[in-house]
Structures are given as C-alpha cells and as structure tokens.
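Below is one structure; the comments refer to it alone.
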Amino acid sequence: MLRQFSDVDPIGLNAEQLSELVPSNVGEMLRECHDASLEYLGAGQCAPKIIKFTSLDKVSYFNVLKFKVLIDGEPYIYTTSFDVTDLHHEAKFFEKKAYTDPLTKLHNLAYLSSVHWQYGYCVVIDLDNFKQVNDTSGHSEGDIVLMRFARCLKQAFAAQDILVRYGGDEFVVLTHHQDEVILHFALEKLSALFEKNFVNYPMLCHSVGYSPFRTSLRGTLKKADLAMYKAKHNKRSTFEQS
C-alpha cells in the first residue's frame, strides 16, 4: 500500500520516522498504527483497531491487527490489516436507521438513551390537542402535522442541537449551549413558524418547558418535563423554565 503513495524505502525506519517522510495522510495512518502497537504492548493482547485512511478520491477504513513474535529472542510486532470500508458504511447505515424516527427523520428515543450530553438546555415540547387532529382528520393527517412540526424544529434550532421525537406528539431538544437569550430566540422563532405552518389547525398549540443540565440527562429531562406540564396547565406564557 505504501508504494501507491510514496517512493520512500521503509526498510530500517520505524513508524515515527517513516511518517515524517511520506504524505501527511499516509503519515497520519502510520502514527495511528504505531499508537495501536503501543496499546498492544501495554495490554499484552491483540486489540483490533479500525483506522481511517483518506486518499485523494475516497475514504477507506482498515481493521488493523497486531501480533507479537519472537525472532532470535527479540520481540517484534507483526501488523496486518483488512479493508472493511464496505462493512463500516453498512454498520453506520444501520446505526443511523436504528437511531432515527422513520416518520420525522429526527433522532428517536433509542438515540436519546445512548447520547452523552452534559452541557446545555434540555427542552421538552408537546403538541397540545394533537389527538383532535387524528380523531377528526385521520392518522395520515396527523403524520403530516408531525412531519411539518419536525421541519419547524430544524428551522428554529441550530444544526448542532440534538432534535428528538420523544414519543407520540412529544419532542425533546438538547442544545449545545447554555445561553438563555439564544434559547429564547429559538423558541420565539419556533412559535412564529408554528403560527405560519399550522394556521389551518386552530385547535393546535404547543407547550414548552426547559431546564439547564443538572447532573444527569434523566434528571434534567424530568425537570424540563415538569416545566412543560406547568406551561400546559397555566398557558400564561409560551414556555416555562424549571
């Protein structure tokens, strides 16, 4: 593989020395292989590692394996690798599918349960009177409402924020910041989008509650959920903080 990208003779050079003489993308892969060797020596056992390699026209993934052999009483590490690019893309596809709500294309509850989020605001949003849409116009119309509301969420919040269909007509947003001014701007934008997109559904409105991160996602979600139900109950404001 090295011959495809460089004319450097690797004989007598270690990975660190060789990485300085070859193109940067090859050097980066060699350094990752060297790191894997150090991890192998530290652990004392074979530890497979997936290494990403970026060439001029594509990105590939290799499963790198390390084996220690003794030659004349001296330990050497033997490295072999397998191209697992197709398997990597397939695994990513199924991972995304498992963590995506099929209707709204937002993240689903399984993703929310797996995400490591420890900073920002947790926002819980509920579509009030959504059941009336299903009862009067049918579930296909209800699906249209949910998909349209998901688009409103995408337009109102930042691309870095995590958008989740929590279940039914309830949604969760995990922001990437703790700036309450930015949050209120996003919620006000959501309200404006809601009025514009659901003018033909006079029975529909939405309740919002939010809370800054508090020790755990589960605890923060509970606080935001309680704030949402408080907003739903009193309706004195569009959104409520815990």
Side-chain angles (χ1 to χ4, degrees), residues 96-113 115 117 119-214 217 220-242:
K96 184 176 181 180
K97 189 173 182 179
Y99 285 151
T100 301
D101 175 61
L103 179 65
T104 63
K105 307 306 179 187
L106 302 180
H107 294 301
N108 60 15
L109 184 57
Y111 181 85
L112 186 65
S113 301
V115 72
W117 175 81
Y119 180 82
Y121 283 101
C122 175
V123 185
V124 175
I125 307 168
D126 187 74
L127 291 178
D128 301 330
N129 306 318
F130 174 74
K131 187 175 182 298
Q132 291 185 30
V133 177
N134 282 335
D135 291 344
T136 59
S137 303
H139 287 276
S140 59
E141 190 70 18
D143 288 347
I144 291 172
V145 167
L146 292 172
M147 289 187 289
R148 189 176 297 176
F149 185 68
R151 287 197 296 270
C152 291
L153 287 174
K154 291 177 182 178
Q155 293 171 31
F157 287 90
Q160 304 97 310
D161 296 335
I162 298 171
L163 308 178
V164 180
R165 184 185 177 196
Y166 191 54
D169 58 357
E170 195 166 358
F171 298 81
V172 170
V173 179
L174 304 178
T175 72
H176 69 290
H177 62 83
Q178 280 195 348
D179 189 324
E180 197 166 10
V181 174
I182 295 176
L183 175 61
H184 274 248
F185 178 79
L187 292 175
E188 287 164 2
K189 185 176 181 180
L190 178 64
S191 294
L193 288 166
F194 191 92
E195 290 182 14
K196 179 180 178 181
N197 283 269
F198 297 102
V199 65
N200 294 326
Y201 303 89
M203 79 291 284
L204 270 183
C205 55
H206 64 294
S207 298
V208 179
Y210 65 89
S211 173
F213 179 77
R214 297 170 182 252
L217 173 56
T220 307
L221 183 59
K222 184 176 181 180
K223 289 285 187 180
D225 202 41
L226 289 172
M228 183 275 292
Y229 278 105
K230 183 179 178 181
K232 183 190 289 285
H233 178 72
N234 61 40
K235 281 300 176 186
R236 286 197 298 267
S237 63
T238 306
F239 34 86
E240 191 85 28
Q241 180 184 10
S242 69

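Quantities reported herein were computed from a predicted structural model and do not represent experimental measurements.
- Inter-residue side-chain proximity for H206 and S191 is flagged as met; some heavy-atom pair is nearer than 4.5 Å.
- Rounding to the nearest 0.5 Å places NE2 of H107 at 9.0 Å from NZ of K96.
- A pairwise comparison of heavy atoms in S207 and A231 identifies OG-C, 4.4 Å as the closest pair.
- Within the 4.5 Å cutoff, the side chain of Y210 has heavy atoms near those of the H184 side chain.
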>> Between D126 and Y229, is the side-chain contact (heavy atoms from CB on, under 4.5 Å) condition met? List the steps.
In response: CA-CA 9 Å; D126 187 74; Y229 278 105; 5.5 Å; no

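- Contact between A110 and A98 at its shortest, heavy atoms only, is CB-O, 4.1 Å.
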task: Take L127 and V133 through the side-chain contact (heavy atoms from CB on, under 4.5 Å) test and state the conclusion after the steps.
output: CA-CA 11 Å; L127 291 178; V133 177; over 6 Å; no

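- For the atom pair L174 CG and Y121 OH, the distance stands at 14.0 Å (nearest 0.5 Å).
- What you find for L204 and D128 is that their closest heavy atoms are CD2-O, 3.2 Å.
- Between F198 and F194, the ring-plane angle classifies as tilted under the 30° and 60° cut-offs.
- With sequence neighbours excluded, no residue satisfies salt bridge (charged side-chain N to carboxylate O under 4.0 Å, His left out) with D161.
- Taking CG of L163 as the reference point, atom OG1 of T175 lies at 11.0 Å (rounded to 0.5 Å).
- Applying the side-chain contact (heavy atoms from CB on, under 4.5 Å) test to L103 and every residue at least two apart in sequence or in another chain returns D101, D143, L146, M147, R165.
- A distance of 10.0 Å separates NZ of K131 from OG1 of T136, quoted to the nearest 0.5 Å.
- Residues V164 and F171 fail the side-chain proximity criterion, which asks for heavy atoms closer than 4.5 Å.
- Counting heavy atoms of neighbouring residues, nucleotides and ligands inside a 6.0 Å radius, atom CZ of F185 does not exceed 12 of them.
- Counting only heavy atoms from C-beta outward, the side chains of F157 and L183 approach each other to under 4.5 Å.
- No donor-acceptor pair closer than 3.5 Å links the side chain of W117 to the backbone N or O of H176.
- For the atom pair NZ of K223 and CE of M228, the computed distance is 15.5 Å after rounding to the nearest 0.5 Å.
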Exercise for the section: Assess whether side-chain contact (heavy atoms from CB on, under 4.5 Å) is satisfied between T104 and F149, documenting all intermediate values. Expected result: CA-CA 9 Å; T104 63; F149 185 68; over 6 Å; no

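- Smallest separation of non-hydrogen atoms from C152 and N197: SG-ND2, 3.7 Å.
- A donor-acceptor contact closer than 3.5 angstrom is absent between the side chains of Y201 and Q132.
- Here the CZ-CG distance, from R151 to L106, works out to 11.0 Å after rounding to the nearest 0.5 Å.
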**Q.** Derivation and outcome, side-chain contact (heavy atoms from CB on, under 4.5 Å), residues L109 and Y166
**A.** CA-CA 5 Å; L109 184 57; Y166 191 54; 3.5 Å; yes

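- Of all heavy-atom pairs between A224 and C122, the closest is CB-O, 3.4 Å.
- A156 and K189 get closest at one heavy-atom pair: CA-CD, 3.9 Å.
- At most 12 heavy atoms of other shown residues, nucleotides or ligands fall within 6.0 angstrom of atom NZ in K222.
- The closest side-chain heavy-atom distance from I125 to L190 is below 4.5 Å.
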